[in-house]
Amino acid sequence: QVQLVESGGGLVQAGGSLRLSCAASGRTSSRYVVGWFRQAPGKAREFVASISWSGGSTAYGDSVQGRIAISRDNAKNTAYLQMNSLKSEDTAVYYCAAYYCSGYGCYRVPNSTDSEFDYWGQGTQVTVSS
């Protein structure tokens, strides 16, 4: 299985930027899709973005569309979430997640439902001050 560790969270002012990283270890020789989710206090977990194994297909949540970009470097077994124009409502714990794929599933637009992801990191806190 794959293990995921997030980093890069912190405190940032509204309008600022942050880049989160998700480092994978373990069975990284198999192909896997990566996603980012977030959960604010008292709220349900929310889909942020996901990226295919190839990196050629991505999906974004409606609330972050246009402000966030997901990318990955398979040589480094690391995925990234670049967040710009941050707002106070972006404050949450951000989780990296993954599921293994095969064939066309590694190239098509990735899933955006948390139940489709089998492996999860511990999360990193992002706090946006207004």
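Along the sequence shown, residues carry numbers from 1.
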Keeping the roles fixed (side chain from [X], backbone from [Y]), state whether a donor-acceptor pair exists under 3.5 Å.
X	Y	answer
S54	G56	yes
S17	N84	no
T78	K76	yes
T91	S88	yes

Pairwise side-chain contact, [X] with [Y], heavy-atom cut-off 4.5 Å (strictly under):
X	Y	value
Y95	Q122	no
S71	Q82	no
V34	C96	yes
D114	E46	no
Q125	T127	yes
T58	P110	no
Y107	R31	yes
V48	I68	yes

ask   = Is the CD atom of Q13 crowded by more than 12 outside heavy atoms at less than 6.0 Å?
value =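 Counting neighbours around CD of Q13, 12 or fewer heavy atoms of other residues, nucleotides or ligands fall under 6.0 Å, so no.
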
request  = Could you pull out all residues at least two apart from Y94 that satisfy side-chain hydrogen bond (donor to acceptor under 3.5 Å, both in side chains)?
outcome  =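 Y94 satisfies side-chain hydrogen bond (donor to acceptor under 3.5 Å, both in side chains) with R38 once adjacent residues are dropped.
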
Distance-minimising heavy-atom pair for [X] and [Y]:
X	Y	answer
S52	V33	CA-CG2, 4.4 Å
V126	M83	CG2-CE, 4.0 Å
Q39	R45	NE2-N, 3.8 Å
F47	N111	CE1-O, 4.1 Å
G9	L20	N-CD2, 3.6 Å
L86	L18	CD1-N, 3.9 Å

inquiry  = side chain to side chain contact (heavy atoms under 4.5 Å, CB included), that's the test. Do T124 and S7 meet it? Break it down for me.
reply    = CA-CA 6 Å; T124 186; S7 62; 5.9 Å; no

ask   = Any idea how F37 and W120 line up, ring-wise: parallel (<30°), tilted (30 to 60°), or perpendicular (>60°)?
value =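 Plane angle between 30° and 60°, so tilted.
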
inquiry  = Does R27 qualify as a cation-pi partner of Y32, given the criterion of NZ or CZ under 6.0 Å from the six-membered ring centre and within 45 degrees of its axis?
reply    =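 No.
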
Got a second to check how far [X]'s [atom1] is from [Y]'s [atom2], nearest 0.5 Å?
X	Y	atom1	atom2	result
C22	L81	SG	CG	10.0 Å
R67	S85	CZ	OG	7.0 Å
R72	S50	CZ	OG	10.5 Å
L11	S129	CG	OG	5.0 Å

ask   = For Y80, which residues count as a ring-ring contact (aromatic ring centres under 6.0 Å, His included) partner, sequence neighbours excluded?
value =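 With sequence neighbours excluded, Y80 shows a ring-ring contact (aromatic ring centres under 6.0 Å, His included) to no residue whatsoever.
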
request  = Sequence neighbours left out, what pairs pass disulfide bond (SG atoms under 2.5 Å apart) with at least one residue falling in residues 32-67?
outcome  =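 Counting only pairs at least two positions apart or across chains, no disulfide bond (SG atoms under 2.5 Å apart) contact touches residues 32-67.
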
ask   = Among F117, W53, Y119, which residue meets the ring-ring contact (aromatic ring centres under 6.0 Å, His included) test with Y100?
value =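 Among the candidates, only Y119 passes.
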
V93-V64 co-clustered via ILVMFWY side chain contacts under 4.5 Å =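 Each belongs to a different hydrophobic cluster.
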
